[in-house]
Participant: 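Here it is, the structure, as structure tokens.
Each residue takes its place number in the sequence, starting with 1. What you see is a predicted model; the values in this text were computed from it and never measured.
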Amino acid sequence: MAERQPAETILQHFLRQVESNGADSVALRQKELGIWREFSWQESCEQVRMFGLGLHALGLKRGEHVATIGDNDCRYLWAYLGLLAVGGVQVGLFTDATAEEAAYVIGHSDARFVLAQDQEQVDKMLAVRAQIPKVERVVYWDERGLWAYDEPWLTPYEEVCRQGRALAAREPSRFEEEVARGRPDDMAILCYTSGTTGRPKGAMISNDNIMSTTEAFNEVAPVYENDNHVSLLPLGWIAEHSWGVAPHCLYGMVMNFPENLETVRENVREIAPNRVLYNSRLWDGLVGTIQVRMAESSRLNRTLYRLFLPVGQRVADRRLAGEAVSPGLRLAESIGNWLIFGPLRDKLGFTNLRAAYTAGGALSPDAMRFFHALGINLKQIYGLTEVTGGGTMHGDGDIKFASIGKPAAGISVRTDEEGEILIGGPTVFQGYYKNDEATAGALLEENGTRWFRTGDAGYIDEDGHLIYLDRMKDMITLAGGERYAPQFIEGRLKFSPYILDVMAVGGPALAYVTALIIINFDNVGNWAEKEGIVFTTFADLSQKAEVGELVRQAVGEVNASMAPGSRVRRFVLLHKEFDADESEMTRSRKLRRDVLYTRYADMIETIYAGEERFHVQTPVRYQDGSEGIVEMDLRIIDSG
């Protein structure tokens, strides 16, 4: 009997899980019409088999690309694993990408097929069909609204599976043969960067890159068979591949897909996952939600929260500093957990949580401390698309609020003489697709190790923790020679439940720091209603004098803990949110600073000129489809 070969790819690991678990264990769940549907490993494998063979029957060859766009669900997962099984490469798109943004990535990636979820995504493809001539078919899996579309270019998901079943009937072992042909260095995904400085670049990520990152994470935050994972992060972002899909295939973690975006919070509570990874923006939003909900709760709950939050903070500070917690403080913590923090974690779906992680931007130390005070073991992960999301991470008992952790297992991290962070090891990507110049600028070969130049500024402290400052290009020197890190300031300000977004402003010709601030409309609106403040729109609310004073107090609290050169002296409350559709942010919600500096140049000049107001004209679209212009003055506020 031939010796069994070790699993070398994601799909080979997936088949090992199917062999071990078969029809007896749950592989995934999908919430549909209020009911959690369960699928065994065997049932899941059959779906993967049929879809993968169906793509092969339609002409997909090894190494060819399939673009995908849609919300995470079981069919999306089966299609993704199916295309990997037959040697295809996934090109993930963000669900809210515009038709033009999608067309660029699809065209640049040379995708032959597109997997689109529903009518909304199909309509985007039809709108840009002339710009993506290499696409031979668009496969959709949610048929609602598409029954009347008479277009041969469009193919239902079930038709692909039908062709797969026909091929499987003719060649029963074909699927296993295709999976066996896979190699660790085969490209698995072409993951496009967020494009903060220009057009997105396609990072070529191999099977080995993904598995190396997953194994490195597992050394610090172990995954156990039948652990539950709620799939929330988009498959256009590297994190869900390394944190969700790969652990599912390597370790047997159960995938759970919410019914829709509106039911996510409820569905997370029902599943109570064992570990979570949210982006920093979501954690920031959760801080605000918790603070506002507690402020609106009963008098008893408000009293308990105010009484025990400082207890939780003191316990967290001592434990993270490696200091003993006194018996009296431990008793107070236990009472607080029983009365307020345990029920709060239950509301969040965190009752079974072993570890919570944040990625996709630095989370402020204030937010980290807040969650630890609630008994939520929140830790940082630092990684970029080009290192498959693998870089540094906090471990249990070794957390510093101001750091982003130590290098994960098998990964090397250092800084160069200019303070740029470099990451080396098996997680480093293969290069940028069709962009040799950018690849040469990003990769460095030294003594057999490939290093990626991250473009981030930071340093390694005396305990081996990496301290992140900002993007190298965004570190700013003021006219007086003082340097500051905009993201650090912005993170501290967003800890306020009343601030949704902010861009810190400064430069070599400017004497001090200012800011463009976006209010959190839900939280500020709730506060205004309780205070009896009448308002009509976002813009109207943002310019209320009481709201200006509310935010001024929040800015003042942050300024009190900042170095003089990093204090925000003046700010404007903008009349609208930053918008990815207007290129002000990326689809992963990162600020496009160059665009914002250009778009708000006149406003910034007025702020530094010492003026008290800035006049804006804002185009609006009314419910009847008509358009108009709203003019208003924005207040420029001194932080005091």
Participant: From Ile69 CD1 over to Glu120 CD, what is the distance, rounded to the nearest 0.5 angstrom?
Facilitator: 8.0 Å
Participant: Counting only heavy atoms not in Arg37, do more than 12 fall under 6.0 Å of its CZ?
Facilitator: no
Participant: To the nearest 0.5 Å, tell me how far Leu115 CG sits from Thr155 OG1.
Facilitator: 11.0 Å
Participant: Between Tyr251 and Gln17, does any side-chain donor sit less than 3.5 Å from a side-chain acceptor?
Facilitator: no
Participant: Is there a side-chain contact between Glu386 and Ile423 in this structure, where contact means two heavy atoms from C-beta onward sitting under 4.5 Å apart?
Facilitator: no
Participant: Which residues pass the salt bridge (charged side-chain N to carboxylate O under 4.0 Å, His left out) test with Asp522, sequence neighbours left out?
Facilitator: none
Participant: Any side-chain donor-acceptor pair under 3.5 Å between Gln380 and Tyr468?
Facilitator: no
Participant: Is the closest side-chain heavy-atom distance between Arg275 and Pro247 below 4.5 Å?
Facilitator: yes
Participant: Run the salt-bridge test on Glu151 and Arg129 with the 4.0 Å N-O cut-off and return the result as yes or no.
Facilitator: yes
Participant: Write down the atom of Gln42, the atom of Val18, and the distance for their closest heavy-atom approach.
Facilitator: OE1-CG1, 3.8 Å
Participant: Do NZ/NE/NH1/NH2 and the carboxylate oxygens of Asp186 and Arg181 come within less than 4.0 Å?
Facilitator: no
Participant: Mind listing the closest non-hydrogen atom pair of Ala111 and Val135 along with its distance?
Facilitator: O-CG2, 3.6 Å
Participant: Check Gly59 against Glu64 and note the closest heavy-atom contact, atom names and distance.
Facilitator: O-OE1, 3.8 Å
Participant: Check the side chains of Ser173 and Glu177 for a donor-acceptor pair under 3.5 angstrom, ignoring hydrogens and angles.
Facilitator: yes
Participant: Under 4.0 Å between a Lys/Arg side-chain N and an Asp/Glu carboxylate O for Lys124 and Glu100?
Facilitator: no
Participant: Have Glu43 and Gln47 got a donor and an acceptor in their side chains that come within less than 3.5 Å?
Facilitator: no
Participant: Minimum heavy-atom separation for Trp41 to Gly252, with atom names?
Facilitator: CZ2-CA, 3.7 Å
Participant: How about Phe113 and His65: are their ring centroids closer than 6.0 Å?
Facilitator: no
Participant: Do Asp142 and Tyr157 get their side chains close enough for a donor-acceptor pair, meaning under 3.5 Å?
Facilitator: no
Participant: Assign the ring pair Tyr278 / Trp283 to parallel, tilted or perpendicular, where the plane angle (0 to 90°) is split at 30° and 60°.
Facilitator: tilted
Participant: For Thr358 and Ser280, which heavy atoms make the closest approach, and how far apart are they?
Facilitator: OG1-CA, 3.4 Å
Participant: Side-chain contact, heavy-atom cut-off 4.5 Å: Ile518 with Phe538?
Facilitator: yes
Participant: Can a donor-acceptor pair be found between the side chains of Ser231 and Asn72 at a distance below 3.5 Å?
Facilitator: yes
Participant: How long is the span from the NE2 atom in His248 to the CD1 atom in Ile10, to the nearest 0.5 Å?
Facilitator: 11.5 Å
Participant: Measure the acute angle between the ring planes of Phe429 and Tyr432, then classify it against the limits of 30° and 60° as parallel, tilted or perpendicular.
Facilitator: perpendicular
Participant: Do we see a donor-acceptor contact under 3.5 Å between the side chains of Thr454 and Glu420?
Facilitator: no
Participant: Check step by step if side chain to side chain donor-acceptor pair (under 3.5 Å) holds for Ser206 and Asn209.
Facilitator: CA-CA 5 Å; Ser206 70; Asn209 289 147; 3.1 Å; yes
Participant: Have Asp123 and Tyr149 got a donor and an acceptor in their side chains that come within less than 3.5 Å?
Facilitator: yes
Participant: Would you call Glu584 and Leu591 a side-chain contact if the rule is heavy atoms closer than 4.5 Å?
Facilitator: no
Participant: Counting C-beta onward and ignoring hydrogens, is there a side-chain heavy-atom pair between Leu190 and Met204 closer than 4.5 Å?
Facilitator: yes
Participant: Between atom CG of Leu60 and atom CD of Glu136, what is the distance when rounded to the nearest 0.5 Å?
Facilitator: 9.5 Å
Participant: Are any non-hydrogen side-chain atoms of Leu15 and Cys45 less than 4.5 angstrom apart?
Facilitator: yes
Participant: Is the CD atom of Glu437 crowded by more than 12 outside heavy atoms at less than 6.0 Å?
Facilitator: no
Participant: Please determine, by modelled atom types, if Thr439 and Asp436 share a side-chain donor-acceptor pair under 3.5 angstrom.
Facilitator: no
Participant: For the pair Glu8 and Arg16, find out whether any cationic side-chain nitrogen is under 4.0 Å from an anionic carboxylate oxygen.
Facilitator: no
Participant: Side chains of Gln30 and Asn256: donor-acceptor distance under 3.5 Å anywhere?
Facilitator: no
Participant: Quick one, Asn260 and Asp71 - any side-chain contact, counting heavy atoms below 4.5 Å?
Facilitator: no
Participant: Going by an N to O cut-off under 4.0 Å, is there a salt bridge joining Glu46 and Arg49?
Facilitator: yes
Participant: Is it the case that more than 12 heavy atoms not belonging to Arg265 sit under 6.0 Å from its CZ atom?
Facilitator: no
Participant: Do the numbers put Arg29 on top of the ring of Phe257, so that NZ or CZ is under 6.0 Å from the six-membered ring centre and no more than 45° off the axis?
Facilitator: no
Participant: Calculate, to the nearest 0.5 Å, the distance between atoms CD1 and CG belonging to Ile271 and Asn267 respectively.
Facilitator: 7.5 Å
Participant: Where the side chain of Thr213 meets the backbone of Thr427, is there a donor-acceptor pair that is under 3.5 Å apart?
Facilitator: no
Participant: Scan side-chain atoms only and decide if Arg174 and His56 contain a donor-acceptor pair under the 3.5 Å cut-off.
Facilitator: yes
Participant: Side chains of residues 73-81: which donor-acceptor partners sit under 3.5 Å, not counting sequence neighbours?
Facilitator:
unit_1	atom_1	unit_2	atom_2	d
Asp73	OD1	Arg75	N	3.2
Asp73	OD1	Tyr76	N	2.9
Asp73	OD1	Trp141	NE1	3.3
Asp73	OD2	Trp141	NE1	2.8
Tyr76	OH	Thr68	OG1	2.7
Trp78	NE1	Ser44	OG	2.8
Tyr80	OH	His241	ND1	2.9

Participant: Anything under 30° is parallel, anything over 60° is perpendicular, the rest tilted; go ahead and classify Trp243 against Tyr357.
Facilitator: perpendicular
Participant: Thinking salt bridges, do Asp185 and Arg183 make one under a 4.0 Å N-O criterion?
Facilitator: no
Participant: Could you state the interatomic distance from CG (Leu28) to CG (Asn228), rounded to the nearest 0.5 Å?
Facilitator: 11.0 Å
Participant: Just so I know, are the side chains of Tyr140 and Asp118 near enough to count as touching, which here means a heavy-atom distance under 4.5 Å?
Facilitator: no
